[in-house]
Amino acid sequence: MPSHDDLVLAERPAAGVLLLTLNRPEKLNALSKALLSTLRDRLAVAEADGSIGCVVLTGAGRAFAAGADIHDMLARGLASYADPERLASWRAIEAFAKPMIAAINGYALGGGLELALLCDILLASEVARFATPEIKLGSFPGDGGTQRLPRLVGQSFAMQMVLTGAMVDAVLAERKGLVSEVLAAERLLPRALEIAGDIACRSVAITPLAKRAVRAAAEAPLAEGLAIEHALVVDSFATEDRTEGLRAFAEKREPVFRGR
Ligand code: HXC
C-alpha cells in the first residue's frame with residue numbers, strides 16, 4: 001500500500017497542538033479515499049499521543065475541501081460512496097475523542113462542509129464559502145450533512161442550502177451559527193492556534209469528556225443528554241487532574257495537569 005502521508009500534512013506549531021493541513025490543493029482538497037484514510041491515520045496517532053491536547057484542521061490553497069471526489073464518484077458510482085474503507089474513515093474521524101478545530105480557509109463544500117461539521121469549533125476566514133452543492137450533481141449530502149446541518153442552522157436554512165446548493169458567505173454562516181468566528185484571512189490560523197493552545201493546556205483527560213458531553217446535546221434527547229453529562233462528570237471525579245485542579249485553586253497556583 002503506497003504511503004499517502006503528503007495528502008495531510010502534520011505539524012506541531014505549539015505545545016500540545018497538532019496542525020493538520022489537507023494537502024491536495026490542485027483538486028481543492030477533494031476528499032479522495034486516500035486523503036480520508038490518511039486523515040484517519042493522522043488522528044489515530046494524535047489520539048494515542050498524550051502530548052497532544054487539540055487538533056487544528058485546515059486546507060492548503062484556496063479550499064478547506066471542495067467535497068467528495070466527483071471524478072471517483074463518476075468512475076465507480078455507488079461503490080465510491082459506499083466503499084467500506086471510505087465509510088470507516090468517516091466513522092473514525094467522527095469518533096476522534098480530542099477537541100478538533102476547523103480553520104476554514106476557503107471553500108467548504110459538500111463533503112468538505114460535512115468534514116468541518118465533525119470538528120468541535122468552526123472558525124472561518126472572511127473568504128470562506130459554504131455550500132451543499134450536491135443537488136446540482138443530482139444528489140444530496142450523504143456524509144452526515146442532512147442531519148448535522150439542520151441541528152446547527154435550523155430546518156429552514158438547512159433546507160434552503162440542501163435544495164438550492166447556493167453558496168453561503170462567512171458572515172452569513174456566522175449569523176446562522178455554523179461558525180463561531182469570522183477572521184481576516186491572515187488571522188485565521190493564528191486565532192485557531194491560540195484557541196487550540198488554550199484547550200491543550202487543560203487536562204487531556206478532561207477535555208475529551210467535555211467534548212462528549214457537549215456533543216450529546218446534538219445527538220441525544222434532553223433527558224438522555226443530561227444523563228450522559230452526569231455520568232461523564234462522575235467519571236471526571238475519578239481523575240487525578242480533577243483533584244489537582246481543585247487543589248491548585250485552593251492553593252492559589254496554576255494546576256499541573258498530567259492527563260490522568
Ligand atoms: C474532484 C474537484 C472537486 C471535487 C474541484 N475539483 N472540486 N475534483 N472532486 N469535489 C477540481 C476541479 O476538477 C479542478 O481540477 C480543480 O479542482 C480546480 O477546480 P475548478 O473547478 O477549476 O476551480 P474554480 O473554477 O475556481 O471552481 C471552484 C469550485 C468548483 C466552485 C469549488 O471546483 C466546484 O464547483 N467544485 C465542485 C464542488 C462540489 O460539487 N462539491 C460536492 C461534491 S459531492 P482540474 O484537474 O480540472 O484542474 C459531495 C458529497 C457526495 O461532496 C455524497 C453523495 C451521496
Side-chain angles (χ1 to χ4, degrees), residues 2 4 6-9 20-40 43 57-94 100 102-119 122-153 157-173 176 178-179 182 185 188:
H4 297 292
D6 57 339
L7 287 174
V8 182
L9 305 177
L20 295 179
T21 304
L22 307 174
N23 186 38
R24 209 188 163 205
E26 72 288 356
K27 297 292 180 190
L28 304 184
N29 303 322
L31 301 171
S32 62
K33 181 174 158 178
L35 186 148
L36 283 172
S37 74
T38 306
L39 177 58
R40 176 197 62 199
L43 292 177
L57 182 63
T58 194
R62 51 197 185 96
F64 177 75
D69 191 311
I70 294 172
H71 299 295
D72 186 41
M73 269 191 291
L74 182 61
R76 295 201 295 142
L78 176 61
S80 93
Y81 171 66
D83 185 304
E85 197 186 321
R86 193 193 80 90
L87 295 175
S89 294
W90 273 102
R91 278 196 300 275
I93 297 164
E94 181 182 359
M100 179 152 63
I104 303 164
N105 51 299
Y107 292 116
L109 309 179
L113 175 54
E114 290 170 306
L115 177 60
L117 294 179
L118 294 188
C119 297
L122 281 66
L123 308 176
S125 156
E126 59 195 2
V127 303
R129 293 289 178 272
F130 303 81
T132 48
E134 291 92 332
I135 203 77
K136 299 177 180 174
L137 304 169
S139 184
F140 52 87
D143 289 313
T146 66
Q147 302 306 299
R148 292 199 173 88
L149 206 49
R151 283 167 162 82
L152 279 175
V153 303
F157 193 66
M159 281 287 188
Q160 210 172 313
M161 287 184 72
V162 169
L163 295 175
T164 70
M167 286 284 184
V168 171
D169 67 24
V171 171
L172 183 54
K176 296 293 178 188
L178 194 51
V179 304
V182 177
L188 177 68

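Note that ligands are numbered from 1 as they come in the structure, with each ligand's atoms numbered from 1 the same way. The basis for the numbers below is simple: all heavy atoms, side chains too, and nothing from hydrogens, waters or symmetry mates.
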Visitor: With a cutoff of 4.0 Å, is Arg62 in contact with ligand 1, counting heavy atoms of the residue only?
Guide: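 It does, in that a heavy atom of Arg62 comes within the 4.0 Å cut-off of ligand 1.
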Visitor: Which heavy atom of the protein is the closest neighbour of atom 38 (C) of ligand 1, given with residue, atom name and distance?
Guide: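 It is Ala66 O, 3.4 Å.
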Visitor: Evaluate the side-chain proximity of Ile104 to Leu122: yes if any heavy-atom separation is below 4.5 Å, no if none is.
Guide: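 Side-chain contact under 4.5 Å: yes.
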Visitor: So which heavy atom on Ile135 is nearest to which on Val162, and how close?
Guide: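 Heavy-atom minimum between the residues: CB-O, 3.4 Å.
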Visitor: Are side-chain heavy atoms of Ser32 and Arg24 found at a separation under 4.5 Å?
Guide: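 SC-SC contact between Ser32 and Arg24 confirmed.
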Visitor: For atom 19 (O) of ligand 1, what's the nearest protein heavy-atom neighbour? Residue, atom name and distance, please.
Guide: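 Looking only at protein heavy atoms, the one closest to atom 19 (O) of ligand 1 is Leu28 CD1, 3.6 Å.
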Visitor: Side-chain contact test, heavy atoms from C-beta onward, threshold under 4.5 Å: evaluate it for Leu20 versus Met100 and give yes or no.
Guide: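 SC-SC contact between Leu20 and Met100 ruled out.
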Visitor: Side-chain contact test, heavy atoms from C-beta onward, threshold under 4.5 Å: evaluate it for Phe64 versus Leu109 and give yes or no.
Guide: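 No; the side chains remain at least 4.5 Å from each other.
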Visitor: Do you know which two heavy atoms are closest between Pro150 and Gly145, and how far apart they sit?
Guide: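 Nearest pair, atom of Pro150 first, then Gly145: CD-O, 3.7 Å.
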Visitor: Scan the protein's non-hydrogen atoms and note whether one is under 4.0 Å from atom 1 (C) of ligand 1.
Guide: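 Neighbour list for atom 1 (C) of ligand 1 includes protein heavy atoms (cut-off 4.0 Å).
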Visitor: Right, does atom 13 (O) of ligand 1 have protein non-hydrogen atoms nearer than 4.0 Å?
Guide: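 Given the 4.0 Å limit, the answer for atom 13 (O) of ligand 1 is yes, a protein heavy atom qualifies.
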Visitor: Are any side-chain N or O atoms of Asn105 and backbone N or O atoms of Gly59, one a donor and one an acceptor, separated by less than 3.5 Å?
Guide: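 Yes, Asn105 side chain to Gly59 backbone: donor-acceptor pair under 3.5 Å.
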Visitor: I'd like to check Leu31 versus Asp69 (side-chain heavy atoms, cut-off strictly below 4.5 Å). Are they in contact?
Guide: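 Leu31 does not reach Asp69 side chain to side chain.
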Visitor: Any side-chain heavy atom of Thr132 within less than 4.5 Å of one from Phe140?
Guide: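 A side-chain contact under 4.5 Å is absent here.
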Visitor: Could you list which atoms of ligand 1 come closer than 4.0 Å to a heavy atom of Phe140?
Guide: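 Those atoms are 54 (C), 55 (C).
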Visitor: For atom 53 (C) of ligand 1, what's the nearest protein heavy-atom neighbour? Residue, atom name and distance, please.
Guide: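 Result: Gly142 N, 4.1 Å.
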Visitor: Identify, by atom number and element, the atoms of ligand 1 in contact range of Ala30, meaning under 4.0 Å from any of its heavy atoms.
Guide: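 Answer for ligand 1: 1 (C), 4 (C), 9 (N).
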Visitor: For ligand 1, which atoms sit closer than 4.0 Å to a heavy atom of Leu109?
Guide: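 So the atoms of ligand 1 that pass are 32 (C), 38 (C).
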Visitor: What protein heavy atom lies closest to atom 10 (N) of ligand 1? Include the residue and the distance to one decimal.
Guide: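 The protein heavy atom lying closest is Ala68 O, 2.8 Å.
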Visitor: With a 4.0 Å cut-off on heavy atoms, is Glu26 in contact with ligand 1?
Guide: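 Yes.
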Visitor: Strictly inside 4.0 angstrom of atom 21 (O) of ligand 1, do you find any protein heavy atom?
Guide: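 Not a single protein heavy atom is under 4.0 Å away.
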Visitor: Measure the distance from atom 8 (N) of ligand 1 to every protein heavy atom, then report the residue, atom name and distance (to 0.1 Å) of the closest one.
Guide: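 Of the protein heavy atoms, His71 CD2, 3.7 Å lies nearest.
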Visitor: Between Ser80 and Arg76 (side chain of the first, backbone of the second, donor and acceptor by atom type, cut-off under 3.5 Å), is there such a pair?
Guide: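 Not a single qualifying donor-acceptor pair exists.
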Visitor: Write out the residue and atom name of the closest protein heavy atom to atom 17 (O) of ligand 1, then the distance separating them to 0.1 Å.
Guide: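 So the nearest neighbour among protein heavy atoms is Lys27 CA, 3.3 Å.
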Visitor: Would atom 34 (C) of ligand 1 count as contacted, meaning some protein heavy atom under 4.0 Å?
Guide: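 Answer no: nothing from the protein, no heavy atom, is under 4.0 Å.
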Visitor: Taking Arg62 for the side chain and Tyr107 for the main chain, is one N or O donor matched with an acceptor at less than 3.5 Å?
Guide: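 Side chain of Arg62 to backbone of Tyr107: no pair is present.
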Visitor: So if I count the atoms of ligand 1 from 1 in the order they appear, which ones are less than 4.0 Å from some heavy atom of Tyr81?
Guide: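 Once the distances to Tyr81 are compared, the set is 55 (C).
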Visitor: Is any heavy atom of the protein nearer than 4.0 Å to atom 24 (P) of ligand 1?
Guide: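 Yes, there is one.
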Visitor: Which of the numbered atoms in ligand 1 are under 4.0 angstrom from any heavy atom belonging to Leu137?
Guide: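 The list of qualifying atoms is 40 (O), 43 (C), 44 (S).
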Visitor: Would you sort out whether Phe157 and Leu178 count as a side chain to side chain contact (heavy atoms under 4.5 Å, CB included), showing the intermediate values?
Guide: CA-CA 11 Å; Phe157 193 66; Leu178 194 51; 5.9 Å; no
Visitor: Any idea which part of Asp143 is under 4.0 Å from ligand 1, heavy-atom wise: side chain, backbone, both or neither?
Guide: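 None of Asp143 does.
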Visitor: Which atoms of ligand 1 have any heavy atom of Gly110 under 4.0 Å away?
Guide: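 Counting atoms of ligand 1 from 1, those under 4.0 Å from Gly110 are 52 (O).
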Visitor: At a 4.0 Å threshold, what atoms of ligand 1 neighbour a non-hydrogen atom of Pro133?
Guide: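 Result: 39 (C), 40 (O), 41 (N), 42 (C).
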Visitor: Quick check on atom 27 (O) of ligand 1 - does any protein heavy atom sit closer than 4.0 Å to it?
Guide: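 There is no protein heavy atom less than 4.0 Å from atom 27 (O) of ligand 1.
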Visitor: Under the 3.5 angstrom rule, does the side chain of Arg86 hit a backbone N or O of Tyr81 as a donor-acceptor pair?
Guide: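 Checking the backbone N and O of Tyr81 against the side chain of Arg86, a donor-acceptor pair under 3.5 Å is found.
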Visitor: Answer side chain, backbone, both or neither: which part of Glu134 comes under 4.0 Å from ligand 1, heavy atoms only.
Guide: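 The part of Glu134 near ligand 1 is the side chain, not the backbone.
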Visitor: Quick one: are Leu57 and Leu115 in side-chain contact, heavy atoms under 4.5 Å?
Guide: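 They are in contact (side-chain heavy atoms under 4.5 Å apart), so the answer is yes.
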Visitor: Considering the heavy atoms of Ser139, write down every atom of ligand 1 situated less than 4.0 Å from one of them.
Guide: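 Reading through ligand 1 atom by atom, the close ones are 54 (C), 55 (C).
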Visitor: Using a plain distance cutoff, I'd like to know if Gly112 has any nitrogen or oxygen under 3.5 Å from a nitrogen or oxygen of ligand 1.
Guide: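 Among all N and O atoms of Gly112, none is under 3.5 Å from an N or O of ligand 1.
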Visitor: Taking Asp143 for its side chain and Glu114 for its backbone only, find out whether a donor-acceptor pair lies under 3.5 Å.
Guide: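 Checked: no pair found.
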Visitor: Quick test: of every protein heavy atom, which one is nearest to atom 37 (C) of ligand 1, and how far off is it to 0.1 Å?
Guide: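 It is Ile70 CD1, 3.7 Å.
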